[in-house]
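In what follows, a structure is listed as structure tokens, so that the remarks can point back to it.
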Amino acid sequence: MFTNQTQRNNTVELQRQGLLGIILSSVVTTLPCSVFLFINLTTLYTLRSKEVFRETSRYILLFNLLFADTLQMAHSQSMFLLSLCRVTLVYPVCASVLGLYSVFHRISPITLVIMCLERYIAVCYPLRHSAIITTRNTTLVIWVVWSFTSLNVMIQIIIMFKFSLEVQEFLQMADYCGKESVFSDPASELYDKASTYFLFVLGGVTVSFTYTGIIVAARSASTDEASASKARRTLLLHLLQMGLTLSSTIHNSLLTVISKNLDRVLAVRVQIFLYVSIAILPKCLNCLIYGLRDQTIRPVLVLNLSCQWRGSVLFPLSPPKKELRVHVI
């Protein structure tokens, strides 16, 4: 999301350009976002369309990850359009909207941590994997993650309201809805930064631990070397995904630097490019990375994306089978 000062600068510049500039900016951002939303929603539908996807823990976790990413994408584009049209909100509504976004934003790295642990158990403890990683346990863990994250955000909102009620005389916001205008008190800002950094440190430590454990297990004669190699590549992809998620957290800092050092017309164009490439595109990469890499999902996903066409030039569909088999990635 844009910072308040950046949003103000963008809107002033777009006003100078006139209605055409606002329309062009809306189209440039909404068109790719709509395409990415279509891909994500199709992948979510695919993951619920087959029993093998609904009853496999790995695909349940993937559905949870994509669900959070899709909600983040829809939220970001909605807030961008509101700021573009100079629509301001009241403080309680803005705080609630930002709280929901914070929940979705924290769900993604936590889910990636759980997916890393699932791959670690699958490779290092293959005989116990089916007993530990069950559909029931996976669903329970997801509920715990959502509950913990929601509680975390509620604490932040309570801290914010305690401060805002003391300093704000009017409920109507003078600025656009953003973290800088709502979570303006030092305690809330510190809490937000501490919880965010903790999640990414936890993710980095988990990926390092599981990656090292799989390398050690791969040297054992009892471990399938091919399975261990695929698991290592999967963990590296998880690390890449965490990096992309982290890039969206430094988006506002980049926008502030750009707005101070570039001409306004050029700054607006660069900011829109960064918004699409940093805030929107990474939320679609997860489904492409898994959907096109996984041999079980790929034929069904390509079929759904092509609107039931029977083939694709890049990814030819295999003949329909009576039963889908889960491939280890």
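What you see is a predicted model, and the numbers here were worked out from it, not measured in a lab.
Contacts of Ser108 classified as side-chain hydrogen bond (donor to acceptor under 3.5 Å, both in side chains), with partners at least two apart in sequence or in another chain: Asp69, Gln72. With sequence neighbours excluded, the residues satisfying side-chain hydrogen bond (donor to acceptor under 3.5 Å, both in side chains) with Thr29 are Gln77. Residues forming a side-chain contact (heavy atoms from CB on, under 4.5 Å) with Ser34 (at least two apart in sequence, or on another chain): Thr30.
In this structure, Leu66 CG and Lys283 NZ are separated by 12.0 Å, a value rounded to the nearest 0.5 Å. Atom CD1 in Ile142 sits 11.5 Å away from atom OG in Ser147 (nearest 0.5 Å). If you take CD1 on Ile121 and OG on Ser130, they are separated by 11.5 Å, rounding to the nearest 0.5 Å. In this structure, the separation between OG1 on Thr46 and CG on Leu301 is 5.0 Å, given to the nearest 0.5 Å. Rounding to the nearest 0.5 Å gives a distance of 7.5 Å between CD of Glu118 and OG1 of Thr138. The structure places CD1 of Ile280 at 9.5 Å from CZ of Phe80, a figure rounded to the nearest 0.5 Å.
Nearest heavy atoms, Val28 versus Val276: O-CG2, 4.4 Å. Looking at every heavy atom in both residues, Val103 comes nearest to Thr149 through O-CG2, 3.5 Å. Closest approach of Tyr59 to Val52, counting heavy atoms only: CD1-O, 3.9 Å. The shortest heavy-atom contact between Leu199 and Pro109 is CD1-CG, 4.4 Å. Shortest non-hydrogen contact noted between Thr135 and Glu55 is OG1-O, 3.0 Å. The minimum heavy-atom distance linking Met73 with Asn40 is given by the pair CE-ND2, 3.6 Å.
In summary, of the residues considered (Thr139, Ile133, Asn137), a side chain to side chain contact (heavy atoms under 4.5 Å, CB included) with Ser57 occurs for Ile133 alone.
Using a 4.5 Å cut-off on side-chain heavy atoms (C-beta onward), Leu61 and Leu65 make no contact. Between Phe63 and Arg48, some side-chain heavy-atom pair lies under the 4.5 Å cut-off. With a 4.5 Å cut-off on side-chain heavy atoms, Trp146 and Asn64 count as touching. Within the 4.5 Å cutoff, the side chain of Arg119 has no heavy atoms near those of the Thr210 side chain. For the pair Leu71/Ile107, no side-chain contact is recorded, criterion being any heavy-atom separation below 4.5 Å from C-beta on. No side-chain heavy atom of Phe104 sits less than 4.5 Å from a side-chain heavy atom of Thr70. Counting heavy atoms from C-beta outward, Tyr101 and Val97 have side chains that stay 4.5 Å or more apart.
Under the 4.5 Å side-chain heavy-atom criterion for ILVMFWY residues, no single connected hydrophobic cluster contains both Leu202 and Phe148. Follow the hydrophobic side-chain contacts under 4.5 Å out from Ile132 and you never reach Val144; the two are in separate clusters.
In this structure a side-chain-to-backbone donor-acceptor pair under 3.5 Å is missing from Thr134 to Ala131. Formation of a donor-acceptor pair under 3.5 Å by the Asn304 side chain with backbone atoms of Val300 is found in this model.
Heavy-atom neighbours of Arg128 CZ from other residues, nucleotides or ligands within 6.0 Å: at or below the threshold of 12.
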If you apply the rule side chain to side chain contact (heavy atoms under 4.5 Å, CB included), what do you find for His75 with Leu100, and how did you get there?
CA-CA 9 Å; His75 175 276; Leu100 286 175; 5.7 Å; no
Working note: Leu62 + Ile297, criterion side chain to side chain contact (heavy atoms under 4.5 Å, CB included); need CA distance, chi angles, decisive distance, verdict.
CA-CA 11 Å; Leu62 177 58; Ile297 300 177; 3.8 Å; yes
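For Phe209 and Tyr120, the ring centers are positioned less than 6.0 Å apart.
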